[in-house]
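Just the heavy atoms: all of them, side chains too, but no hydrogens, waters or symmetry mates, feed the values below. Just so it is clear: chains get the letters A, B, ... in the order the sequence lines come, proteins before strands, and each one is counted from 1.
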There are 2 protein chains.
Amino acid sequence: MMTNGLQNRQTAIPEEINGLRMTRQRQEVYRFLMGERTHPTANEVFMKIKEALPSVSLATVYNCLEALVQHKIIRQVNFDREPSRYCPNLDEHGHFHDETTGTIHDVKFKPGINLTDILDLPPNTVIKDIEITLRGQLA
Amino acid sequence: MMTNGLQNRQTAIPEEINGLRMTRQRQEVYRFLMGERTHPTANEVFMKIKEALPSVSLATVYNCLEALVQHKIIRQVNFDREPSRYCPNLDEHGHFHDETTGTIHDVKFKPGINLTDILDLPPNTVIKDIEITLRGQLA
DNA sequence: GCGGCAAATTAGAATCATTCCTATTTTGAT
DNA sequence: ATCAAAATAGGAATGATTCTAATTTGCCGC
């Protein structure tokens, strides 16, 4: 008599992603982020998912975000020392901060570009992560 | 009877750099940073220049660092949300974090590379600053 | 050389994102 | 159903940085 265990009207989220058990709280964080290109902060995530899950705590949102980041389901983006933001785009890309509007835009690399090709790295260097951040304005 | 007003045995620092008046505190911060490739934090700068200037305050170190950064005499470097670090190297370059030792190394770009060439930026974008950060280990 | 003014400095309080703590709840395996 | 491990909630603690208010300093014209 049971179909699949979670008959929600929203997009179904698997019970596990990249080895991370998708609890209700993690689902809500994940679902919200996947639909956002605005790179929300932890607090913005918190405010939003409280609508669906009023008892959720900010600490849990931080826990969920950390778990999702560690399982490479989302990315954490830091700009200067502002609050961390979270990004569902896993492709290699950079972030452009428009100083005028305060918005953040993903920046792709031109095709065929390998980042490490242009860097003068010491030999035997194993790069695990690259972050490129740009600041400026859309004229 | 007076020769030049500051008869210090160390490298003489001009009274003004890039339009910034070099007070005693700013001089100490500047002198220390110029001799360092370790990208010190504000607190490390503070600890160090207290030797020469015991009455200096941490707030002043922050003020000096901010002034030096704004006048483009040094650069501020952020890695994730760790304490900011400060860098005397004004050439365009990136930063590599060696996870094993915790040290930070400047990374040059290969000659002839123009960063904006490889990025797929929207038209009419004015870039004011680029930051490239790498994390990994020296194998 | 001297009063006045703006800029710089100081010490400590305040801020605020994030982490820690810990009791409670939920989950999955047996 | 039972038990251990994992996850959660809420509140306290942390720590880099910034703010505030009160001195101090440097510099100007007299």
Should His105(A) and Asp98(A) be marked as a side chain to side chain donor-acceptor pair (under 3.5 Å) after you check the CA-CA gap, both sets of side-chain angles, and the distance that decides it?
-> CA-CA 8 Å; His105(A) 305 268; Asp98(A) 184 347; 4.8 Å; no
Output, in order, the C-alpha distance, side-chain angles, deciding distance and verdict of salt bridge (Lys or Arg N to Asp or Glu O under 4.0 Å) for Glu99(B) and Lys128(A).
-> CA-CA 10 Å; Glu99(B) 288 183 329; Lys128(A) 290 192 169 176; 3.6 Å; yes
Full working for side chain to side chain donor-acceptor pair (under 3.5 Å) between His97(B) and Asp80(B) = CA-CA 11 Å; His97(B) 261 239; Asp80(B) 293 346; over 6 Å; no
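Across dA17(C), dT17(D), dT8(D), the shortest atom-to-atom separation from the side chain of Pro83(B) is found for dT17(D). Counting only heavy atoms from C-beta on, Tyr62(B) has its side chain closest to dA16(D) among dT10(C), dA16(D), dA17(C).
Between Gln25(B) and the phosphate of dT25(D), there is no side-chain N or O to OP1/OP2 separation shorter than 4.0 Å. Residue Thr60(A) has a polar side-chain atom (N or O) positioned under 4.0 Å from OP1 or OP2 of dA9(D). Listed pair Ser84(B) / dT17(D) meets the phosphate criterion, a side-chain N or O lying under 4.0 Å from OP1 or OP2. Between Arg81(B) and the phosphate of dT18(C), there is a side-chain N or O to OP1/OP2 separation shorter than 4.0 Å. Look at Thr23(B) and you won't find any side-chain N or O under 4.0 angstrom from OP1 or OP2 of dT25(D).
The residue among Asn63(B) and Gln76(A) whose nearest nucleotide of DNA chain C lies closer to the 5′ end is Asn63(B).
Two rings, from His95(B) and His93(B), have their centers less than 6.0 Å apart.
Rounded to a whole Å, the CG atom of Asn78(B) is 16 Å from the P atom of dA17(C). When the C1' atom of dT8(D) is taken as reference, atom CG of Leu65(A) falls 14 Å away, rounded to whole Å. Between the CZ atom of Arg26(B) and the P atom of dT10(C) there is a distance of 11 Å, given to the nearest Å. Between the CD atom of Glu28(A) and the C1' atom of dT8(D) there is a distance of 15 Å, given to the nearest Å. The distance from atom CE of Met22(B) to atom P of dG26(D) is 15 Å, rounded to the nearest whole Å. Spacing between atom CG of Leu58(A) and atom C1' of dA17(C) amounts to 9 Å, rounded to whole angstrom units. The interatomic distance linking Gln27(B) (CD) with dT25(D) (P) rounds to 15 Å, in whole Å. For the pair Glu16(A) CD and dA6(D) C1', the computed distance is 13 Å after rounding to whole Å.
The backbone N or O of Cys87(B) lies less than 3.5 Å from no partner atom in the side chain of Arg37(B), so there is not a single donor-acceptor pair.
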Assign a letter to each nucleotide of nucleotides 25-30 of chain C from its 5' end: B, base within under 4.0 Å of a protein heavy atom; S, sugar-phosphate only; -, no contact.
-> --SS--
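Thr41(A) comes within 4.0 angstrom of no nucleic acid atom, judged by non-hydrogen atoms across all strands.
Every residue meeting the side-chain contact (heavy atoms from CB on, under 4.5 Å) condition with Tyr62(A), not counting sequence neighbours, appears here in chain and number order: Ala42(A), Leu58(A).
Checked for salt-bridge contact, Lys108(B) and Asp120(A) miss the test: no charged N lies under 4.0 Å from a carboxylate O.
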